[in-house]
Number of protein chains: 2
Amino acid sequence: MGILERRQRQKEEVKNDIICTAWQMVKKEGWQALSIRKIADAIEYSVPVIYDHFENKDAILLEFSKKGFMILSAKIIEAKDRYKEPEEQIKAMADAYWNFAMDNKEHYQLMFGIGMPCCEISKAMPEQEKFRSLVLQPIDDVIKKSGRTDINSCLKYHTFWSVMHGLISIKIIGNSAIDEELNKMVLDDAIAGFIKNLS
Amino acid sequence: MGILERRQRQKEEVKNDIICTAWQMVKKEGWQALSIRKIADAIEYSVPVIYDHFENKDAILLEFSKKGFMILSAKIIEAKDRYKEPEEQIKAMADAYWNFAMDNKEHYQLMFGIGMPCCEISKAMPEQEKFRSLVLQPIDDVIKKSGRTDINSCLKYHTFWSVMHGLISIKIIGNSAIDEELNKMVLDDAIAGFIKNLS
DNA sequence: TATGTTTCCTAACAGTGTTAGCAAATATAG
DNA sequence: CTATATTTGCTAACACTGTTAGGAAACATA
């Protein structure tokens, strides 16, 4: 008798409804605006029904995080398969990663836990120009020293910052999922490579 | 008459008390656990008093964010001033940045809006090994191709990811404080440099 | 001593995640 | 077809959250 199966189907329909509604909210107002009650209102069920499908609110957000990684994986595979030479593959994968992040900002934020209510970086960073020039100057020096004119120091400043921030935030988020020692080695390697590429 | 000045002093003492208490909470339980009521309880004042000193909760967190940037600036200047050669300066600045982040995780999280309740990256990333090997393989290929044996592909995998994530998250957080075009150029530059350093 | 200010609290508003307990609808067994 | 058991989905509450209106008490000034 297919009664149980129909019930199962209906139940999953509700779950799907929850996910869709929640996703619309996240897309429209950001992950901070997601609320169980608002979801319940939208799907026209009472609040506790949500908890029949998800253990808690975080579980819903985790769902999106997971989906994000799946989409990203797919995009990267797709990009890689378009090329044969590994150099091209790396470049294509990087582009795919970038495009994924730009096209799926909400996913990306959930995946990597980015974006607090308070902090727009520009508001928090005092004397932005001073900070910038501080880091920029030695970069500029190395470039000048090498006599090269095709290297943009402004570009390199951002590269520097990105490498630093990327490694650190992945370490902080990942909560030592990755070897402690390795992280410092990655930094040293990245900075060494960075300096090398300046001349 | 120093009455007004004493009052001013006392008022700033309370403000200082708020900051100190709030900071202890952030350090002990993370920025998500900070609550106006808990601060009020701790400083033995009623809730609205907090709002005589800060416009809202975010303003308190912003305070820490700002302080974080000040500490970071100081550390970077200090590191830079220890060396004369720009290459050494860059290396020292990178180390200082890294150490700052490790020693001040709470500050760093506030500064760059990292760390949501839900997402520990390891829980969200499905089939971690598959994802890893996907990116690792072309990196390995380039290294093999070059015939070099002194390059650790595992290291390079993390470097790749860091560069990607760093650039993207700064762009997302910074909310286009930085030129739109520039970001893609930085990525291209960083990836080109990355590939170059593999052989 | 009376007036005006500042300080500070109570209490509320409007929301949040989460759960206990109960009523109604449904499916199964006699 | 009725009686029992199960699932389903609700109301209402608990314990929080940020934020603010309004009033009472403490204070300094005239």
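What you are looking at is a predicted structure, and each value in this text was computed from that prediction instead of being measured. Each chain gets a letter, A, B and so on, in the order its sequence line appears, and its residues count up from 1.
At distances below 3.5 Å, not a single donor-acceptor pair connects side-chain atoms of B:Thr21 with backbone N or O atoms of B:Ile39. No donor-acceptor pair under 3.5 Å is formed between the side chain of A:Asp17 and the backbone N or O of A:Ile43. Side-chain atoms of A:Thr159 come within 3.5 Å of backbone atoms of A:Leu155 as a donor-acceptor pair (strictly under, hydrogens ignored).
One finds no salt bridge joining B:Lys145 and B:Asp141 here, because no Lys/Arg side-chain nitrogen approaches an Asp/Glu carboxylate oxygen to under 4.0 Å. Of the charged side-chain nitrogens involved, at least one lies within less than 4.0 Å of a carboxylate oxygen, so that B:Lys91 and B:Asp95 count as a salt-bridged pair. At a threshold of 4.0 Å, the pair B:Asp52-B:Lys15 does not count as salt-bridged, since none of the basic side-chain nitrogens sits closer than that to a carboxylate oxygen. Looking at B:Glu78 and B:Arg82, a side-chain N of the basic residue comes within less than 4.0 Å of a carboxylate O on the acidic one, giving a salt bridge.
Proximity note for B:Tyr51 (side chain, C-beta onward) versus D:dG9, D:dA28, D:dT19: the nearest is D:dT19.
Contact annotation: B:Ser35 reaches the phosphate of D:dG18 (side-chain N/O to OP1 or OP2, under 4.0 Å).
The residue B:Leu34 sits close only to the backbone: its heavy atoms come under 4.0 Å of sugar-phosphate atoms, none of a base. B:Ile39 comes within 4.0 angstrom of no nucleic acid atom, judged by non-hydrogen atoms across all strands.
When the C1' atom of C:dC9 is taken as reference, atom CD1 of B:Ile36 falls 16 Å away, rounded to whole Å. Rounded to an integer number of Å, the gap from CD1 of A:Ile60 to C1' of C:dT18 is 12 Å. One can place CG of B:Asp58 at 16 Å from P of D:dT17, the figure rounded to the nearest angstrom. For the pair B:Glu44 CD and C:dC9 C1', the interatomic distance rounds to 15 Å; values are reported in whole Å. Between A:Lys38 atom NZ and C:dG15 atom P the separation is 9 Å, expressed in whole Å. One can place CZ of A:Phe54 at 16 Å from C1' of C:dG17, the figure rounded to the nearest angstrom. At whole-Å resolution of the value, CG in A:Asp17 and C1' in D:dG9 are 15 Å apart. As rounded to whole Å, 14 Å separates atom P of C:dT19 from atom NZ of A:Lys57.
Sequence order on DNA chain C of the closest nucleotides to A:Ala33 and A:Glu55 puts A:Ala33 first from the 5' end.
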Between the protein and nucleotides 4-7 of chain C, list the N/O to N/O atom pairs that are separated by less than 3.5 angstrom.
unit_1 : atom_1 : unit_2 : atom_2 : d
C:dT6  : O3'    : B:Arg7 : NH1    : 3.4

Short N/O separations, protein against nucleotides 10-13 of chain C, under 3.5 angstrom:
unit_1 : atom_1 : unit_2  : atom_2 : d
C:dA12 : N6     : B:Arg37 : NH2    : 3.2

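Classification of the A:Trp161-A:Phe131 ring pair by plane angle, with boundaries at 30° and 60°, yields tilted.
Aromatic ring centres of A:Trp31 and A:His107: separated by at least 6.0 Å.
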